[in-house]
Asks: 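Before I ask anything, let me first share the structure, which is written out below as C-alpha cells.
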There are 2 protein chains.
Amino acid sequence: MSLPHAILTALLEKPSSGLELTRRFDRSIGYFWSATHQQIYRELGKLEGEGLIRALPAEQPARGQKKVYEVLEAGREELARWTAASQDPKPQRDALLLRLRAAAVVGTEGLERDLRRHRELHARQLEMYREIERRDFPPGKGGAEDRLRHLVLRAGIDLETFWTQWLDHAVAEVAGMPEGQGRQE
Amino acid sequence: MSLPHAILTALLEKPSSGLELTRRFDRSIGYFWSATHQQIYRELGKLEGEGLIRALPAEQPARGQKKVYEVLEAGREELARWTAASQDPKPQRDALLLRLRAAAVVGTEGLERDLRRHRELHARQLEMYREIERRDFPPGKGGAEDRLRHLVLRAGIDLETFWTQWLDHAVAEVAGMPEGQGRQE
DNA sequence: CACGCCATGTAAAGGGTTACATGATTAC
DNA sequence: GTAATCATGTAACCCTTTACATGGCGTG
C-alpha cells in the first residue's frame, strides 16, 4: 500500500516521466522502496485517474512520447495524510536467515560460498551509501529536509554495517563446521 | 519462493498439523518468515501433491480432522538443494523510511507519535528475543545446530537493537523540528 | 534503412491478504 | 444441546514479477 506514496514523494522532489522515475527508483528512493517500470506506469495511470497527479501538457501525447507528471494539491494532501497516519510494521521476511535455520537441519554444505557473496554485496552497498553521505551531507549541515534525508541514509548505512559484520560471524561459524551436518543416508 | 522451504524446515524440526505450523510461524520461524494459515494449508496441499511431504495415516481423514505431516526424503533433498543454491538478496521495502523521506517534503506533523510507538514495538520484540536467548542458548553451548540457530537469533537481536536506537534518534530529530515543514498554502 | 535505444505500455502468472465457510470437539 | 473453540479449507482481491509488444528517435 505504499507504492503510490513513494511515487508522490519522488514527483514532489522533482516532476518526472515514467522512465525517469524508474531510474530514480533504481537509485535513491529504490534503496528502501524498489519498483519496476511496469509497476510505476500502472500506478501513474491510477494516480492520474484519481486526480492526485497530472501529466504536464505536451505537444503530441502519443505512444512512445515522453509524459512528465506533477503532483496536484490533492496528491500532496494524500501524502501528508499517509505520512502522519499510524501504521503497523510489516512482518519481516528474510530468506538468508531462513536458509541458516534450514541448514541447522539439512547441513551447511555449499552455503559458505553464498554467504561470502552476500557479505561482499552488502559491503559494496555500504560503500555506496558512504559515498552518498560524503557527497550530499557534508559536516556543515543543511535545513530540516536534509536532516531527515540524512537520518534515512544513516539507517541504510547502519543496516549494511550490521549485515557485513553479521555475515562475517556467519561465515566464520559455517566455515568451522564439520561436513555432513545433514542426516547421512 | 521460500514459503515451501520454510514449511519443510519446520516439519523437519517436528512433524505437525497445519494449525500447529501456523502457531509456530507466529513464534520462532515466523520472526523472519511470516505466513497465515491460508498460505500454509495451500502450500501443504501443494507439497503433498509434489511428493515432498506426506500426511501420517489417521483413522478418519475427514474435514475438521487433524492431519499431521512429515517430510519425505525427496523433501529433505529439495530443502538441502535450496539451502545451498545461490540466491540474490531481495530489494528492501521499508515503509517507515519512506515516510520519513516523504516527511522531508510534506512536513513531520503527526509523525512523532507513530515513531514512538514503533520504538516501543521494537523494544518489546528485542526483550522477547533476549528472553529466548536466555532460555534456549545458555553460555554452555550446544552442538552445531544450536550454534546456527543462535546465530539467527543474534541477527534478530542486533536488528531490533539497531531499530530502537535509530528510532530514538529519529524521535529526537523530529521532535526538535519547527511546525509547518510542509508547504504553506 | 537498419539497428539500437528511449519510452510507454499489455498480459499472464504467482504469492500474499482478507473474508468467509464448514465439520469436529470440548465445556457448560 | 448449544456455544465456543479447534481445525481445515474456499474464494476474491491486490500487489509483484516476468515476459513480451509497440512506437519514436538518433546514428552509421
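Owing to the predicted nature of the structure, the values given are computational and were not obtained by experimental measurement. The figures here come from the full heavy-atom set of this structure, side chains too, leaving out hydrogens, waters and symmetry mates. Convention: sequence-line order gives letters A, B, ...; per-chain numbering from 1.
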Asks: Check A/Leu72, A/Thr83, A/Ile53 against A/Leu8 for a side chain to side chain contact (heavy atoms under 4.5 Å, CB included) and give me the one that passes.
Replies: A/Ile53
Asks: Can you measure A/Gln38 atom CD to D/dT16 atom P for me and round it to whole angstrom units?
Replies: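 Result: 13 Å.
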Asks: Between B/Lys90 and D/dT16, is there a side-chain N or O to OP1/OP2 distance below 4.0 Å?
Replies: no
Asks: Could you tell me how far apart B/Ile40 (CD1) and C/dG16 (C1') are, to the nearest whole angstrom?
Replies: 12 Å
Asks: Figure out the NE2/P separation between B/His37 and D/dT5, and round it to whole Å.
Replies: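 These atoms are roughly 16 Å apart.
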Asks: Check side chain to side chain donor-acceptor pair (under 3.5 Å) between B/Arg99 and all other residues, then give those that pass, not counting sequence neighbours.
Replies: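 Per chain and number, B/Arg99 pairs via side chain to side chain donor-acceptor pair (under 3.5 Å) with B/Asp114.
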Asks: Whole Å only: how far is the CG atom of B/Asp88 from the C1' atom of D/dT17?
Replies: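 These atoms are roughly 15 Å apart.
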Asks: Between B/Arg116 and B/Glu120, is there a salt bridge with N-O shorter than 4.0 Å?
Replies: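 Salt bridge absent between B/Glu120 and B/Arg116.
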Asks: Which atoms of nucleotides 12-15 of chain D (N or O only) lie under 3.5 Å from a protein N or O atom, and what are those distances?
Replies:
{"residue": "D/dC15", "atom": "OP2", "partner": "A/Lys46", "partner atom": "NZ", "Å": "3.3"}

Asks: Do any pairs count as a ring-ring contact (aromatic ring centres under 6.0 Å, His included) and have a residue in residues 90-112 of chain A, sequence neighbours left out, and if so which ones?
Replies: none
Asks: Counting only side-chain heavy atoms from C-beta out, which of D/dC20, D/dA7, C/dA7 sits nearest to B/Tyr41?
Replies: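 Per side-chain heavy atoms of B/Tyr41, the pick is D/dA7.
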Asks: Would you say that A/Phe32 contacts A/Leu153 through its side chain, given a criterion of any heavy-atom pair below 4.5 Å between the two side chains?
Replies: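 Result no, sub-4.5 Å side-chain heavy-atom pair not found.
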Asks: Taking only the side-chain nitrogens and oxygens of B/Lys67, find out if one of them lies under 4.0 Å from OP1 or OP2 of D/dG9.
Replies: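 B/Lys67 to D/dG9 OP1/OP2: side-chain N or O found under 4.0 Å.
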Asks: Heavy atom of residues 2-34 of chain B under 4.0 Å from DNA chain C: which residues?
Replies: B/Leu3
Asks: Taking only residues two or more places apart in sequence, or in another chain, which ones meet A/Glu133 in a salt bridge (Lys or Arg N to Asp or Glu O under 4.0 Å)?
Replies: A/Arg154
Asks: Can you name the salt bridge (Lys or Arg N to Asp or Glu O under 4.0 Å) partners of A/Glu13, sequence neighbours left out?
Replies: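 With neighbours one apart ignored, the set is A/Arg24, A/Arg149, B/Arg101.
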Asks: Side chains of A/His118 and B/Gln87: is there a donor and an acceptor less than 3.5 Å apart?
Replies: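 There is no such pair (donor and acceptor under 3.5 Å, judged by atom type) between the side chains of A/His118 and B/Gln87.
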Asks: Can a salt bridge be assigned to the pair A/Arg76 and A/Glu70 using a cut-off of 4.0 Å between side-chain N and carboxylate O?
Replies: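 Salt bridge flag = no for A/Glu70 with A/Arg76.
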Asks: Figure out the CG/P separation between A/Leu44 and C/dG9, and round it to whole Å.
Replies: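 Going from CG in A/Leu44 over to P in C/dG9 covers 8 Å.
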